[in-house]
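All values reported here derive from a predicted model rather than from experimental measurement. Whatever order the structure lists ligands and atoms in, that order sets their numbers, starting from 1. Worth knowing before you read on, the calculation uses all heavy atoms, side chains too, and leaves out hydrogens, waters and symmetry mates.
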Amino acid sequence: MNPAKSFLRILLFLFLSHFSLSTDTITQDHFIKDNDEVLVSDGKTFALGFFSPATSRNRYVGIWYYQIPGNIVVWVANRNNPIKDNSGILSVDSRGNLALFQRNQTLPVWSTNISMAGSRDSVAQILDTGNLVLLQSDARKDILWQSFDYPTNTWLSFQSLGVNVRTGVNRVYTSWNSPDDPGVGNYSLRMNPSGFPQMFLYQGSTPLWRSGTWTGQRWNGIPEMTKNFIFNDTFVNTDDEVSFSSDVRNASIISRAVVNETGVFQRLTWNNEAQRWIDFYSAPKESCDFYGHCGPNAYCKPDITGDFECSCFPGFEPKLPQAWSIRDGAAGCVRKSAVSLCGNKEGFIKVPQVKVPDTSVAHVDMTIDLKQCKEKCSRNCSCMAYASAYSDIDRGIGCLAWHGDLVDARTYTHTGQDLYIRVDKDELARHTKKGLLQKKAVPAVIIVSLAVAFLILVALLRCFVRRQKRTRIRNNEDMFSLATFEDSLGVKEIDETRRNGDLPFFHLSTIASATSNFSSDNKLGQGGFGPVYKGVLLNGKEIAVKRLSKYSGQGVEEFKNEIMLIAKLQHRNLVRMLGCCIEGEEKMLIYEFLPNKSLDSIIFDESKRSLLDWTKRLEIICGIARGMLYLHQDSRLRVIHRDLKASNVLLDATMNPKISDFGMARIFGGDQTEGDTKRVVGTYGYMSPEYAMHGHFSMKSDVYSFGVLLLEIITGKKNSSYVPDSPSLNLVGHVWELWKEDKAMEVVDLALGGSYSNEEVLKCIRIGLLSVQEHATHRPTMSTVVSMLCNETTLPSPEQPAFIEQKIHKGDERSSREGANSVNGVTITMVLGR
Ligand SMILES: *[C@@H]1O[C@H](CO)[C@@H](O)[C@H](O)[C@H]1NC(C)=O
Ligand SMILES: *[C@@H]1O[C@H](CO)[C@@H](O)[C@H](O)[C@H]1NC(C)=O
Ligand SMILES: *[C@@H]1O[C@H](CO)[C@@H](O)[C@H](O)[C@H]1NC(C)=O
Ligand SMILES: *[C@@H]1O[C@H](CO)[C@@H](O)[C@H](O)[C@H]1NC(C)=O
Ligand SMILES: *[C@@H]1O[C@H](CO)[C@@H](O)[C@H](O)[C@H]1NC(C)=O
Ligand SMILES: *[C@@H]1O[C@H](CO)[C@@H](O)[C@H](O)[C@H]1NC(C)=O
Ligand SMILES: *[C@@H]1O[C@H](CO)[C@@H](O)[C@H](O)[C@H]1NC(C)=O
């Protein structure tokens, strides 16, 4: 039958038959025409039909969300070929192809256009995934064609991006021209399989943004994309296929990614309660994200202090110093002259936290590790830099080596990987000698000596000032007690000229000498924003110094936040801040030193956990609860901590718990009790579902974290740790399963040795489970928690907690500071050795 006859046949059918479109399929006898009802997928998720975008009157066939308002179109059939009237008919043609016909035209406007020998009885069906499939109508129901292979601007769950050599399919996402015109636009997102695969966003054929490499768990250039429980991320890298997909784990979560008309790749999730789409992440976001912003051999470092964001890699200098000086980095950097890099005692300098340079030109060897990578690179004089390929897996797998220019590198504050740059021996020597303190400590000492003279002069004045301050502070219980503190220190310790409200500023030199120049022996640990050191002031007072990493541009806001917050808060169960230090690039917070470190270093430590018997643990639980209650209700501010976890609870000499790390806390004014954020920060395993998924935080999201922490204290196990008896569950899920079977006492830490009252422990488990309930409204407030802990009352029964099914992935309790949900469970399909 020729197409003209086919059209006639359809018209005849229209007049002769009365059919219902209650199905989700199109056949030769069962088609849809414009202004008819639409096809709806079985689970009523997606609809297929005719539409006109925005203000346009053109007609297109497309797929959109059936139940979500706004007619969000996720796929368009005839995107470059609109129908100008309402005469369109979508049907299976005589050859078995799905085709779109228009009145008086014999050739289809659009067709699946595949050659099929003798399968004219095919059936088109719209699925709940949003995929439109053309199936063989025989028993095998083979997929002959699918819309997922011909993406437009929207990337759905279960749809991938990338190339399949065997099928010849290359799934590329292209923007619309404009909201009125779904035709192929200028921006496209595609997989670039050369070298080591990366996703690229192009404008025309010009690279605009690069995802960076797949590190084993995420794309290096999407810091928000931490390991998570919402998406099952799959990267396939084989000879046949290089692709990536990010599928929702629970079909009730609605998520899509779009290459939009302004050249932004955005991932959005639907918040059903708020009835709006939430921006999960998007790229490019800042100037450093734009491809090659700083030119070759330079890297881009976002700088909020206003410094130029481009820097040359070690051993390089600006190619055009003049352009560089007026902040045009496009020409990049060149090797400093007269440098011999061959067999001349050269070496490598590590640049940490990097999105490694464009790997499409990198040499890839997946069979060797980082150490062998270094050897291989040093042996070959043309090798400029190296890094490990899958850097998130154990100690890194594989080797990437660059033999030419290093293009489009940038640094991050809290993610990124190590890149090793080849430099000559002079550069190497300069680099090892370089160090802030050698440069700064000496002049600082001189300044301090001069300042002594000055301080004597102002001593009288100071006495007067101090008396006044004392009076004020006594009137204000919440205020940090400055006078007491000042009395306990020598005058020289504080920089009087740089007071910020009532918070003392310390000299860098004071802190440097207190911490033996930040020696590694003094390092207590690594916090979210940088290392923490122990120090001793001249008067013998012990302090803890949190030194913001120099590269932590994004930490400054949090730094100020933390200063302002803690300066105003004082409670037995909150860590006390003594002051801060801001000098040049250095930013530090000075705290009271707590000798027993953090709770996690004890309860999760096989050899130490028996130090805490039940009585002590109960005291700790109560202390944390009171500290949180103070933050939520009893202080003059309303503070949501947002990152309560075992490592943020410090223990003093008597094992009294103190909540620390307010870097991510939010202060609410007046009656506000909840908020939303686009930048979800927090820590895997402690984040409530509404916060992790929708960025919705409230006191109840803190309660959730408290509940997790409580269960961890009772069991001595991390929520994230693997539960051998029930590998598909995390700790919360495991406790819940046992609770339902009345076997909750089985989870109690064996190190407690039975020295506890079953009744008390069960009560605490119950409170823990009540606190982690899925629905925020069902969780108790902190004040209820405190009264439940302290009083003999009958407690309600908990309902099922959130996230009981999670895939377990070892390690990594770091906070996610650069956005998004940092929760575990990524599936990696990876065949090494391309
Ligand atoms: C198109 O078809 C309609 C009716 O189906 C007819 O009235 C009209 O004349 C046709 N137009 C042309 C250009 O053939
Ligand atoms: C179908 O494919 C053929 C050959 O690839 C092409 O010439 C033709 O224009 C296509 N037709 C449609 C409707 O896409
Ligand atoms: C696409 O790029 C071309 C050439 O740069 C430009 O003329 C055109 O306006 C762009 N189209 C859109 C929709 O931005
Ligand atoms: C994740 O995706 C892979 C590949 O698509 C699939 O094999 C696996 O079962 C998925 N895992 C989960 C937990 O959904
Ligand atoms: C998916 O989420 C919904 C709503 O949060 C929940 O009711 C359902 O049990 C979840 N399904 C699975 C398989 O986890
Ligand atoms: C594209 O996405 C960016 C980032 O989410 C947004 O600011 C912009 O408005 C979007 N453009 C369109 C046309 O939707
Ligand atoms: C160094 O590496 C380049 C690129 O892989 C290669 O062409 C060259 O032969 C190597 N040189 C030596 C001495 O191995």
cation_pi(Arg256, Trp277) dist<6.0 Å, angle<=45 = yes
Determine the interplanar angle of the Phe244 and Trp155 rings, folded into 0 to 90°, and report it as parallel if under 30°, tilted if 30 to 60°, perpendicular if over 60°.
-> perpendicular
Is it the side chain (CB and beyond), the backbone, both or neither of His363 that lies under 4.0 Å from ligand 7, heavy atoms counted?
-> side chain
Listed once per pair and sorted, the salt bridge (Lys or Arg N to Asp or Glu O under 4.0 Å) pairs that draw on residues 56-67, sequence neighbours left out = Asp34-Arg59
Non-neighbouring partners of Asp240 that pass salt bridge (charged side-chain N to carboxylate O under 4.0 Å, His left out), sequence neighbours left out | Arg166
Note: ligand 7 atoms sitting under 4.0 Å from heavy atoms of Ser382 are 1 (C), 2 (O)
Ligand-side contact atoms (ligand 7) for residue partner Asn380, heavy atom cut-off under 4.0 Å | 1 (C), 2 (O), 3 (C), 8 (C), 10 (C), 11 (N), 12 (C), 14 (O)
Could you please spell out the steps behind the salt bridge (Lys or Arg N to Asp or Glu O under 4.0 Å) verdict for Lys376 and Asp365?
-> CA-CA 10 Å; Lys376 190 174 172 188; Asp365 185 346; 3.3 Å; yes
Check salt bridge (charged side-chain N to carboxylate O under 4.0 Å, His left out) between Asp426 and all other residues, then give those that pass, not counting sequence neighbours.
-> none
Working to the nearest 0.5 Å, report the span between CZ of Phe158 and OG1 of Thr234.
-> 9.5 Å
Could you pull out every protein residue that has a heavy atom closer than 4.0 Å to ligand 3, ordered by chain and then number?
-> Asn177, Asn186
